[in-house]
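To start, the structure under review is shown below, and the notes come after it.
Basis for what follows: all heavy atoms, side chains included, without hydrogens, waters or symmetry-related copies.
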Amino acid sequence: MNSLTGAIRGLINQEVEAIHTALPAKVVRADGMNIDVQPLVNLFKNGTHRVLPTIYSVPFMPPRMAKAGIQWNPEVGDKVMLLVMELSIDNLMEGSGSAIVNSEDGRRFDLSDAVAISGFLNDTENKTLPASDGIKLFYDEQSITIKKSGDIGVGGT
C-alpha cells in the first residue's frame with residue numbers, strides 16, 4: 001500500500017472513530033428529566049484506552065407520546081442507552097417552535113446531542129415476565145401485571 005493510500009485510510013479511520021451513535025451509560029447526577037451520565041465504554045486506540053467524558057444535561061426520554069406515556073425520574077446509578085443524534089438538537093430541545101432541525105452549527109454525532117432512554121440492563125438486572133404473558137408496571141418491589149387472559153395482579157414483583 002502506498003503512502004497516499006495509507007494516509008487517506010488513516011484520516012478516514014480518525015473521522016469514523018469520532019462518530020458516536022449509541023452507548024450504554026450510567027446516571028451520575030439526576031435532576032428531574034435532565035441527567036448527567038458517564039458512558040460505560042472506553043475507546044481503545046493505539047494500545048491505549050481513552051475514557052469518554054461525563055456528559056452533562058442529557059434529556060431523559062421515558063416511553064411517551066403526545067397523549068400517552070409513562071413518566072418517572074431517573075436516579076443516580078440507573079443505566080441508560082445514549083442515542084447520539086446525527087445533527088444538533090438544540091432548537092428542538094429549547095422548544096423554539098420549529099419541529100425541523102436546522103443545524104447551523106455543523107455538529108455531527110456529537111456527544112452533546114445525546115438523549116437517554118431507559119432500560120439498558122444486563123441479564124441479572126432485568127425483571128422479566130414469561131414470554132408473551134402480558135405487561136408489568138413496577139416500582140421498586142411493587143407491581144401491577146395485566147396478563148393476556150385479562151387477569152390483573154397487584155403486589156410484589
(message) I need the Phe60 CZ to Asp78 CG distance, nearest 0.5 Å.
(response) 7.5 Å
(message) If I take atom CG from residue Leu82 and atom CG from residue Asp113, how far apart are they, to the nearest 0.5 angstrom?
(response) 12.0 Å
(message) Are Leu4 and Leu11 linked, directly or through intermediate hydrophobic residues, by side-chain heavy-atom contacts shorter than 4.5 Å (ILVMFWY only)?
(response) no
(message) In the structure I gave you, are the side-chain heavy atoms of Leu111 and Leu23 within less than 4.5 Å of one another anywhere?
(response) yes
For a quick test of your reading: what N or O donor-acceptor pairs under 3.5 Å do the side chains of residues 27-40 make, sequence neighbours left out?
| unit_1 | atom_1 | unit_2 | atom_2 | d |
| --- | --- | --- | --- | --- |
| Arg29 | NE | Asp36 | OD2 | 2.7 |
| Arg29 | NH2 | Asp36 | OD1 | 3.2 |
| Asp36 | OD1 | Ser57 | N | 2.9 |
| Gln38 | OE1 | Thr54 | OG1 | 2.8 |
| Gln38 | NE2 | Leu52 | O | 2.7 |

(message) How close do Ile70 and Arg64 get, counting heavy atoms only, and between which atoms?
(response) N-CB, 4.4 Å
(request) Locate the shortest heavy-atom distance separating Ala22 from Met81; write the atom from each residue and the value. (result) CB-SD, 3.9 Å
(message) When you group the ILVMFWY residues by side-chain heavy-atom contacts below 4.5 Å and let the links chain together, are Val84 and Val51 in the same group?
(response) no
(request) To the nearest 0.5 Å, tell me how far Thr21 OG1 sits from Met85 CE. (result) 10.5 Å
(request) Measure from the side-chain N and O atoms of Thr145 to the backbone N and O of Ile152, and report whether any donor-acceptor pair falls under 3.5 Å. (result) no
(message) With a 4.5 Å cut-off on side-chain heavy-atom distances among I, L, V, M, F, W and Y, is there a chain of contacts connecting Tyr56 to Val76?
(response) no
(request) For Phe109, look at atom CZ and say whether over 12 heavy atoms of other residues, nucleotides or ligands are found less than 6.0 Å away. (result) yes
